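The structure under discussion appears below in the form of structure tokens.
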Amino acid sequence: MKLNMRLSFQALMLLALGLSQSVNAAVGLDRTRVIFDGSKDATSVNITNNNTQLPYLAQGWIEDEAGKKITSPLIVLPPVQRLEPGKQSQLKVQALPAAKSLPQDRETVFYFNLREIPPRSDKANTLQIALQTRIKLFYRPQAITPSQQDLSNPWQQKLTLTLAGERYQVNNPTPYYVTLVDARSTKDGKTVPGFEPLMVPPKGALTLGPTAKELGTTPHLAYVNDYGGRPLLAFTCTGSACTVSAQVSPDK
């Protein structure tokens, strides 16, 4: 009897693992990141119930940089809503008065969370999985709102690299977060072993995982822009310092 119970439990766990790897979220977002314009009181996010047969509940909330759920200075409204099959709706990220106390000379990062809650099944022995989406939310103060010139000459091009021991340090002199998602030694090369995506804070610096030898004297780093695109920055190195020489579109 104990053996049968153990086998049944193991089978259930394997089934849950298989489903979690193959099932797509029913409730989807219209973006991969949220940019909150500090000159406005709120911003909206579009959501869609991709299931054309069942209604779902959509639950939204904000977390701070440490992953702690918060209700100020930003809040999601409504916190829970019903989405009919195949229908769209919106969630509003609302700024509270406390938002004015956030740094006004640089971005602040939060995390926007969306959890789908499936309808209760009337079938016995049914395994239900509630999937959750978590994306970055950047509060961008009005004082650093990019101009049209900034958009045509992306601030990410101001990144520099300096040699720190055997590795390059990424220096970000801008007031914006810069998320790096790929590192290559050439434009058409493969991702250098040891690279892990990293988010360089405003006016901060982080060290790349690969060695400077692996990246060579023409490192190429891909970043994520406001629209979810992944432009590639080509660096040229002289001695222990590297600067951006061009921004190119990766072929893959």
Side-chain angles (χ1 to χ4, degrees), residues 20-21 23-50 56-81 83 88-118 129-142 144-146 155-156 170 172 174-182 195-206 209 222-230:
S20 65
Q21 291 177 337
V23 175
N24 294 322
V27 178
L29 289 167
D30 67 339
R31 66 198 70 188
T32 59
R33 55 190 45 223
V34 178
I35 308 297
F36 192 104
D37 185 344
S39 66
K40 300 179 180 179
D41 294 329
T43 189
S44 296
V45 177
N46 297 318
I47 58 176
T48 303
N49 181 2
N50 296 308
Y56 274 75
L57 293 181
Q59 179 183 20
W61 70 93
I62 304 293
E63 293 176 352
D64 62 16
E65 187 174 6
K68 179 181 178 181
K69 186 176 180 179
I70 60 173
T71 55
S72 179
L74 302 177
I75 190 171
V76 177
L77 297 174
V80 180
Q81 66 173 289
L83 271 177
Q88 296 182 342
S89 186
Q90 286 188 335
L91 289 174
K92 180 184 292 185
V93 180
Q94 180 75 46
L96 301 179
K100 298 301 182 183
S101 65
L102 293 171
Q104 297 299 302
D105 65 340
R106 66 191 64 195
E107 289 183 331
T108 301
V109 66
F110 297 93
Y111 290 92
F112 177 91
N113 292 266
L114 179 66
R115 176 182 295 158
E116 62 178 42
I117 303 174
I129 298 176
L131 299 182
Q132 179 176 322
T133 301
R134 185 174 188 257
I135 62 175
K136 294 171 184 174
L137 187 162
F138 298 101
Y139 176 84
R140 183 173 294 168
Q142 182 178 5
I144 64 167
T145 300
W155 56 84
Q156 292 87 351
V170 184
N172 177 15
T174 78
Y176 311 98
Y177 280 91
V178 178
T179 300
L180 300 176
V181 292
D182 196 7
F195 172 78
E196 294 290 341
L198 68 162
M199 183 170 64
V200 189
K203 305 182 188 300
L206 290 176
Y223 68 89
V224 182
N225 62 23
D226 284 358
Y227 311 102
R230 299 189 174 195

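Predicted model only: the values in this text are computed from it and were never measured.
In terms of heavy-atom proximity, Gly228 sits nearest to Thr32 at CA-OG1, 3.8 Å. Taking each heavy atom of Arg31 and Ile135 in turn, the nearest pair found is O-CD1, 4.1 Å. The two residues Leu83 and Ala58 come nearest to each other via the heavy atoms CD1-CB, 4.4 Å. Here the closest non-hydrogen pair linking Met199 and Lys136 is SD-NZ, 3.6 Å. Considering every non-hydrogen atom in both Thr108 and Pro103, the closest pair reads OG1-CD, 3.6 Å. Taking every heavy atom of both residues into account, Leu29 and Phe112 meet most closely at CD2-CE2, 3.8 Å.
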Full working for side-chain contact (heavy atoms from CB on, under 4.5 Å) between Val93 and Leu137 | CA-CA 10 Å; Val93 180; Leu137 187 162; 4.0 Å; yes

Test side-chain contact (heavy atoms from CB on, under 4.5 Å) on Ile47 and Asp30 and set out the steps.
-> CA-CA 6 Å; Ile47 58 176; Asp30 67 339; over 6 Å; no

Take Leu74 and Phe36, measure what side-chain contact (heavy atoms from CB on, under 4.5 Å) needs, and give me the verdict at the end.
-> CA-CA 10 Å; Leu74 302 177; Phe36 192 104; 4.2 Å; yes

ring-ring contact (aromatic ring centres under 6.0 Å, His included) assessment of Phe138 paired with Tyr177 | CA-CA 8 Å; Phe138 298 101; Tyr177 280 91; 5.7 Å; yes

Full working for side-chain contact (heavy atoms from CB on, under 4.5 Å) between Leu198 and Thr179 = CA-CA 6 Å; Leu198 68 162; Thr179 300; over 6 Å; no

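Within 6.0 Å of NZ on Lys92 lie no more than 12 heavy atoms contributed by other residues, nucleotides or ligands.
Side-chain polar atoms of Gln94 and Asp41 form no donor-acceptor pair below 3.5 angstrom. With 3.5 Å as the limit, one finds a donor-acceptor pair spanning the side chains of Ser39 and Asp37.
With Gln59 contributing its side chain and Arg115 its backbone, the two residues share no donor-acceptor pair below 3.5 Å. The backbone N or O of Val27 lies less than 3.5 Å from no partner atom in the side chain of Asn49, so there is not a single donor-acceptor pair. Judged purely by atom type and a 3.5 angstrom limit, Asn113 has no side-chain atom pairing as donor or acceptor with the backbone of Gly60. In this structure, Gln104 contributes its side chain and Leu102 its backbone to a donor-acceptor pair below 3.5 Å. Within the 3.5 Å criterion, the main-chain N or O of Tyr176 finds a donor-acceptor partner in the side chain of Thr174.
For the atom pair Asp64 CG and Ser72 OG, the distance stands at 11.5 Å (nearest 0.5 Å). For the atom pair CZ of Arg230 and CG of Leu180, the computed distance is 11.0 Å after rounding to the nearest 0.5 Å. Expressed to the nearest 0.5 Å, how far CD1 of Ile75 lies from CH2 of Trp61 amounts to 13.5 Å.
Arg106 is listed as a side-chain neighbour of Lys203, based on a closest heavy-atom distance under 4.5 Å. At a threshold of 4.5 Å between non-hydrogen side-chain atoms, the residues Pro78 and Leu91 count as touching. In this structure the side chain of Val178 never reaches within 4.5 angstrom of the side chain of Pro201, judged on heavy atoms. Taking 4.5 Å as the limit, every side-chain heavy atom of Asp105 sits out of range of all side-chain heavy atoms of Pro175.
Under a 4.0 Å N-O distance rule, the pair Glu107/Arg140 qualifies as a salt bridge.
Two rings, from Tyr139 and Phe110, have their centers 6.0 Å or more apart.
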